[in-house]
Amino acid sequence: MAREIAKAYEPQQIEPRWAEYWVKEALFKADPNAPGPVFSIVIPPPNVTGSLHIGHMLEHTEIDILTRWHRMRGYNTLYLPGTDHAGISTQRVVVKQLMDQGIDYHKLGREEFEKRVWQWKAEAGSQITEQMKAIGESCDWSRERFTLSPEMSRVVRKVFVALYNEGLIYRETRLVNWCPVCLTVLSDLEVVHEERQGNLWHIRYPVSGSKEFIVVATTRPETMLGDTAVAVHPEDERYAHLVGKTVVLPLMNRRIPIIADAMVDREFGTGAVKITPAHDSNDFEVGKRHKLAEIDVMTDDGRMNAAAGPYAGLDRFAARKKIVEDLKAGGLLEKVTEHKNSIGICERSKTIVEPRISTQWFCAMKGLAAPALKAVREYEPGKENTIQIVPDNRRQEFLNWLDNIRDWTISRQLWWGHRIPAWYCGDCEQVIVAEEPPTKCSKCGSGRLTQDPDVLDTWFSSGLWPFSTLGWPEKTADFEKYYPTSLLITGYDILFFWVARMAMLGIHFTGKVPFRTVYLHSLVRTGSGEKMSKSKGTGLDPVVLNQQYGTDAMRFCLASMAAPGTDIVLSDDRLGGARNFANKIWNAARFLLMNLDKFEAGGTQIEELAAPEVRAKAPYAAGGAVPLVDAWLFSRLAGITELVNSALGNYRFHEAAQAVYQFFWGDFCDWYIEWVKPELQNTDRERAVVAWRNLFAGFDAALRLLHPFMPFLTEELWHQLPQPSGAKSIALGAFPEAQARWKNDAAEKDFALIQEVILELRNIRAERKVEPKRKVAAEFYSASADIRETVRQNLDGIQRLAVLSGLEFVVESIPQGGAMRSTARFDVRIDPTTGTPATSINARVIEASAELAKIRKEIERIEKDIASKERQLGDETFRSRAPEKIIRGMETTLEERQVELKKLQERLGQFEKGPPA
RNA sequence: GGGCGACUAGCUCAGUUGGUUAGAGCGCUCCCCUCACACGGGAGAGGUCAAAGGUUCAAGUCCUUUGUCGCCCACCA
């Protein structure tokens, strides 16, 4: 049976097949009755109409790595997928789409509009989940959820009504953040602040019945049309005589009072402030204190309204311009200065947010925040009902925010979302809040009821996600088994938007924290440090990258860069490196497969290699002893496995990925495979079988270690290699555990010595420009009998990997100079006459002088090192305080350094006598 | 105005509790298309860890100050 696979790894040929297989076989369907400890994770639901971006790719890679890792370790694992209706952004997308077709969504009417959005959701909504399937995320697709599905909506209504009945949800008129483009109120979090260079206009307000002016400074002249007072500080002597008088509001010719209020900063501007309660939150407070009128001078789309008199109809910025001109013309503009201030921008539309008086629904937060605060503050490993936040520095951020939390504006003037379950009676003042539509007024019995037109902030339903998706409020098997979820992986940019709200609502409604740990992943940034964004054209499209490099390479690359707490800048180089790694793995497997035939031809059933019990017994001994290289490999494997398991347990993806990389490429391919090649063909059948068994067991373990990072590649290769019949997927197999019996310090030390000997020999060859294939004679010297013995026992491998015709053990130290190298423990020399003869004299002189300089530099470095060590070791305080291990180690190193120094000095002496042979 | 983070090899970045000669990928130099892999193999060069001070037997790692850059929070007109 010929086992041939393509010469290079071609992910496009492989990925779709396994992606489909995993879904079709429902391999990752969770079973609440299955045994094992629980690992459950719910996806941060991406926007239903969105598509996968690079941030998702990182997030989902991390989630899937941990999910697959836990599953392989025998956990009862659930990875629950789903999407978010994403109220405001979805509505914007559909509105724009309609606009492109020349349709005004207002004219369509609410019902028809909602229908169109559902239609759009049906068409576009599966894109992101299809992509998730295509990149092989190991979700349980039978449990897919959507925040606006009937089931989730019922939970939303239930929660709303409960909070209302508890008095935590209320309706009130106050100054809110208004987006004139989205035409809805926004929560504080949806307003992003930006520092911008603006102006401070100093405007003269004439004092009534006097020739005096009071000068106010403002950054927003257009709001003066709604001024209802001018305020000064009560103790400001400059204006004391004016308090109680009135001014004539310029342009409007309205008389407004001069009042005294302590909120005024005497140092700022002129010390006199215009008060516009309807358009500034500070002024709103002042207005309340002084019972001032609130004059809204704008329309909901940011134009001046009728109250703005002659400016009505102008856009707010046009009005500003016009007003400034008019003031100037009237001699009322004293001066204009530059002023930097931070302004609020709508997160979605990027428009400047307008503070505006409006009646909205709010959720009181203080009471909800307290238990969440407690759960995070009191976290300790293993402590029930507390939440761990990783990385730790985000924890303080979380606590600070919750400490200063303000009420949450939960209503939105949108059509796409969970409609607020509140009805207003047309015949009395009654407000009815209920889970199901009421038929008549609970107070007057009237049937004239209208439902509140607004919908809920999209984060309201997301806030319920960890329990709404698991069947709450019913005590379903899923809820009982998988809640609280084990872990939440999400971006730190939505720590407050989402994580905090889930924590609060989860604890409030279920009495338990919704997740035990929150791991906040990095953000993927562009080369210039910005957050990647498709709209800015700076985003990398993961679908394109997956095509180009393969999903596995992409995943591996992201994982290897995902150090907690630092952002990621992705580069083609880095992706290419990961792709090369995938190819390396592929080719190592190819090597195994190509040789399997030969092995089989020798009469051994390859099925034997597939048997788990055969693999479990590795490393096998040949002739009574485990060959050094095998003992070394499995000892390394034990170390790497330990490291990977501990790194993944601590969300240190990069450490885990890099460790596997080094192991596979460096240890397994460069050394192990190269070393065992001849053994596989050994005419001593028993030895060959041992070599094969060990090779397969080693490769099998490596494949499993790699699987969470590179699921497609490993699944494909796993199926190509002999496996027990009936085994469906590497994903359902066991993850390696570090075996105590694999640990072998002596083997690691001995093989490291062999590697060093080979390295030094190759080094001389390269320096002497010996042709790669030319076998040269070499000499070896070591004062240590142990070292000599280790080298003697591994002579074949050394000769082969260093391309020697023979290695002679000499009894005396090899004189310094010529084609030799020294370390503290041994000397090696090659016979230059077997190498390539004479380069030109000129070249030799240059080389010699370069080497001389190198030797001198090295001597200098070692002398410095020796001096520092001698000083430390001679220091009594050091000896008494430093750990024994450090002292011991330093002493040994010092001895070695001294030997090295002596040899180098000898070498230098040789050089000075004359050029080397 | 507060708070946080970054500054380590030409580039992009690792470096958990301070402990013997600071690492990786890419790039660079030299040699090789050797029967798994040129998406490869072999051998190298390259860093006074942003600056200054301090703590310590010992500092890339802890403290202070400064500089540059980035982020978050905050109602200063």
Side-chain angles (χ1 to χ4, degrees), chain A residues 7-9 175 193 200 216-220 223 231 263-265 268-270 272-276 280-285 339 341-342 355 393-394 396-397 400-401 404 492-493 495-496 523 525 527 529-531 553 557 560-561 563 565-574 576-595 650 652 654-655 658 661-662 669-670 673-674 677 759 762-767 769-773 801 803 861-862 865 868-869 871-872 875-883 885-894 896-897:
Chain A
K7 192 171 171 187
Y9 175 49
L175 205 75
H193 292 271
L200 201 53
V216 301
T218 180
T219 53
R220 304 196 53 202
T223 62
M263 67 69 80
V264 179
D265 176 357
F268 189 90
T270 60
V273 191
K274 60 190 267 318
I275 301 295
T276 325
D280 180 278
S281 61
N282 269 322
D283 295 4
F284 182 77
E285 298 299 323
H339 182 69
N341 63 339
S342 100
N393 59 334
R394 298 281 167 197
Q396 201 51 48
E397 221 171 86
N400 287 346
W401 188 77
N404 300 309
Y492 59 78
D493 52 336
L495 181 61
F496 308 139
L523 298 185
R525 295 187 182 279
E530 287 171 86
K531 191 171 157 181
C557 182
S560 70
M561 298 186 76
T566 52
D567 288 343
I568 292 177
V569 179
L570 207 57
S571 69
D572 278 333
D573 283 350
R574 206 62 195 233
R579 191 253 336 262
N580 295 354
F581 181 48
N583 189 245
K584 187 74 181 178
I585 300 165
W586 182 261
N587 274 289
R590 191 158 160 262
F591 169 77
L592 263 67
L593 290 168
M594 287 172 82
N595 285 277
N650 291 299
R652 305 183 67 82
H654 68 299
E655 273 182 9
Q658 284 168 16
Y661 182 97
Q662 299 296 347
C669 292
D670 291 347
I673 288 186
E674 290 309 321
K677 271 177 180 173
L759 198 76
R762 283 173 173 171
N763 194 310
I764 309 170
R765 296 181 62 102
E767 252 176 21
K769 306 226 186 307
V770 176
E771 293 161 323
K773 277 181 262 187
L801 296 186
V803 200
R861 221 189 50 158
I862 292 185
D865 190 38
S868 137
K869 286 195 170 52
R871 187 181 49 75
Q872 278 203 68
D875 185 333
E876 266 319 300
T877 332
F878 170 71
R879 284 192 171 276
S880 61
R881 293 196 196 167
K885 201 178 121 194
I886 298 296
I887 298 175
R888 204 65 79 57
M890 208 180 273
E891 279 168 349
T892 328
T893 314
L894 178 60
E896 285 179 7
R897 282 296 98 78

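Below, chain A is the first sequence line, B the second, and so on; all start at residue 1.
When both distances must be under 3.5 Å, the Watson-Crick or G-U wobble mate of B/C71 is B/G3. Base pairing of B/G53 is made with B/C63, judged by Watson-Crick or G-U wobble geometry with both donor-acceptor distances under 3.5 Å. Checking B/G40 for Watson-Crick or G-U wobble geometry (two distances, each under 3.5 Å) identifies B/C32 as its partner. Across all strands shown, B/U17 has no partner, as no Watson-Crick or G-U wobble contact with both distances under 3.5 Å is found. Across all strands shown, B/A45 remains unpaired; no Watson-Crick or G-U wobble contact has both distances below 3.5 Å. The partner of B/A9, taking Watson-Crick or G-U wobble pairs whose two distances both stay under 3.5 Å, does not exist in any strand shown.
In this structure, the CG atom of A/N595 is 11 Å from the P atom of B/C37, given to the nearest Å. Distance CD (A/E767) to P (B/G42): 18 Å, rounded to an integer number of Å. Rounded to whole Å, atom P of B/A36 lies 13 Å from atom CG of A/L593. Atom pair A/K584:NZ and B/C39:C1' shows a separation of 10 Å (rounding to whole Å applied). The distance between atom CG of A/N400 and atom P of B/C4, rounded to the nearest whole Å, is 9 Å. The CH2 atom of A/W586 sits 14 Å away from the C1' atom of B/C39 (whole-angstrom rounding). One interatomic measurement links the two molecules: CD of A/E891 to C1' of B/G19, which rounds to 14 Å at whole-angstrom precision. For the pair A/R879 CZ and B/U20 P, the interatomic distance rounds to 17 Å; values are reported in whole Å.
Distance check on atom C1': B/A59 versus B/A38 gives 44 Å, rounded to whole Å. Taking atom C1' on both nucleotides, B/A52 is separated from B/G1 by 28 Å, rounded to a whole Å. On the P atoms, B/U55 is 32 Å away from B/G10, given to the nearest whole Å. Rounded to the nearest Å, the gap between the C1' atom of B/U12 and that of B/G27 is 11 Å. As rounded to the nearest Å, B/G40 and B/U34 have C1' atoms that lie 11 Å from one another. The gap from the C1' atom of B/A50 to that of B/A6 amounts to 11 Å, rounded to the nearest Å. A gap of 32 Å separates the P atoms of B/A74 and B/U8, to the nearest Å. Between B/G41 and B/C35, the distance separating the two P atoms is 14 Å to the nearest Å.
For A/F268, the ring-ring contact (aromatic ring centres under 6.0 Å, His included) partners at least two apart in sequence or on another chain are A/H339. Listed by chain and residue number, nothing satisfies the salt bridge (Lys or Arg N to Asp or Glu O under 4.0 Å) test with A/R881 (two or more places apart in sequence, or in another chain). Residues satisfying the side chain to side chain donor-acceptor pair (under 3.5 Å) test with A/E285, not counting sequence neighbours, are none. For A/N583, the side chain to side chain donor-acceptor pair (under 3.5 Å) partners at least two apart in sequence or on another chain are A/N587. Applying the ring-ring contact (aromatic ring centres under 6.0 Å, His included) test to A/F591 and every residue at least two apart in sequence or in another chain returns nothing. Evaluation of the side chain to side chain donor-acceptor pair (under 3.5 Å) rule for A/S560 yields no partner, not counting sequence neighbours. When the ring-ring contact (aromatic ring centres under 6.0 Å, His included) test is applied to A/Y9, the partners found at least two apart in sequence or on another chain are A/W586.
Between B/A36, B/G15, B/G19, one nucleotide has an atom nearer to the side chain of A/M594 than all others, and that is B/A36. Closest to the side chain of A/A8, out of B/A43, B/C37, B/C39, is B/C39. Looking at the side chain of A/K773, the nearest of the listed nucleotides B/A36, B/C57, B/U34 is B/U34. Side-chain proximity of A/D875 to the nucleotides B/G40, B/C57, B/U20 is greatest for B/C57.
On a pure distance criterion of 3.5 Å, no polar donor-acceptor pair joins the side chain of A/K769 and the base of B/C31.
Taking only side-chain nitrogens and oxygens, A/K677 never comes nearer than 4.0 Å to OP1 or OP2 of B/C35. In this model, the phosphate group of B/A58 is not approached by any side-chain N or O of A/R871 to a distance below 4.0 Å at OP1 or OP2.
Under 4.0 Å is where a charged nitrogen must lie from a carboxylate oxygen, and between A/E891 and A/R888 no such pair does. Contact check on A/E767 versus A/R762 returns no salt bridge, with no Lys/Arg side-chain nitrogen under 4.0 Å from an Asp/Glu carboxylate oxygen. The pair A/K869-A/D865 meets the salt-bridge criterion, since a charged nitrogen lies less than 4.0 angstrom from a carboxylate oxygen.
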*Passes side chain to side chain donor-acceptor pair (under 3.5 Å), A/T877 versus A/D875? Steps please.*
CA-CA 6 Å; A/T877 332; A/D875 185 333; 3.0 Å; yes

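If you check every strand for non-hydrogen atoms under 4.0 Å, A/P883 touches a base. Looking at heavy-atom distances under 4.0 Å, A/R881 makes contact with a base. As judged by a 4.0 angstrom heavy-atom cut-off over every strand, A/K885 is placed among residues making no nucleic acid contact.
No donor-acceptor pair under 3.5 Å is formed between the side chain of A/R879 and the backbone N or O of A/I887.
A residue-by-residue look at A/L759 and A/E655 shows that A/E655 has its nearest nucleotide of RNA chain B further toward the 5' end.
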Taking only nitrogen or oxygen atoms into account, show me every contact under 3.5 Å that the protein makes with nucleotides 72-77 of chain B, one pair per line with its distance.
unit_1, atom_1, unit_2, atom_2, d
B/C75, OP1, A/R406, NH1, 3.4
B/C75, O2', A/N282, ND2, 3.3
B/C75, O2, A/N282, OD1, 2.4
B/C75, O2, A/N282, ND2, 2.6
B/C76, N3, A/D265, OD2, 3.4
B/A77, OP2, A/H339, NE2, 3.3
B/A77, O2', A/A217, O, 3.4
B/A77, N6, A/D265, O, 2.5
B/A77, N6, A/F268, O, 3.2
B/A77, N1, A/D265, N, 3.1

_Walk along nucleotides 22-29 of chain B from 5' to 3' and tag each nucleotide B, S or - by protein heavy-atom contact under 4.0 Å, base first, then sugar-phosphate._
--SSS---

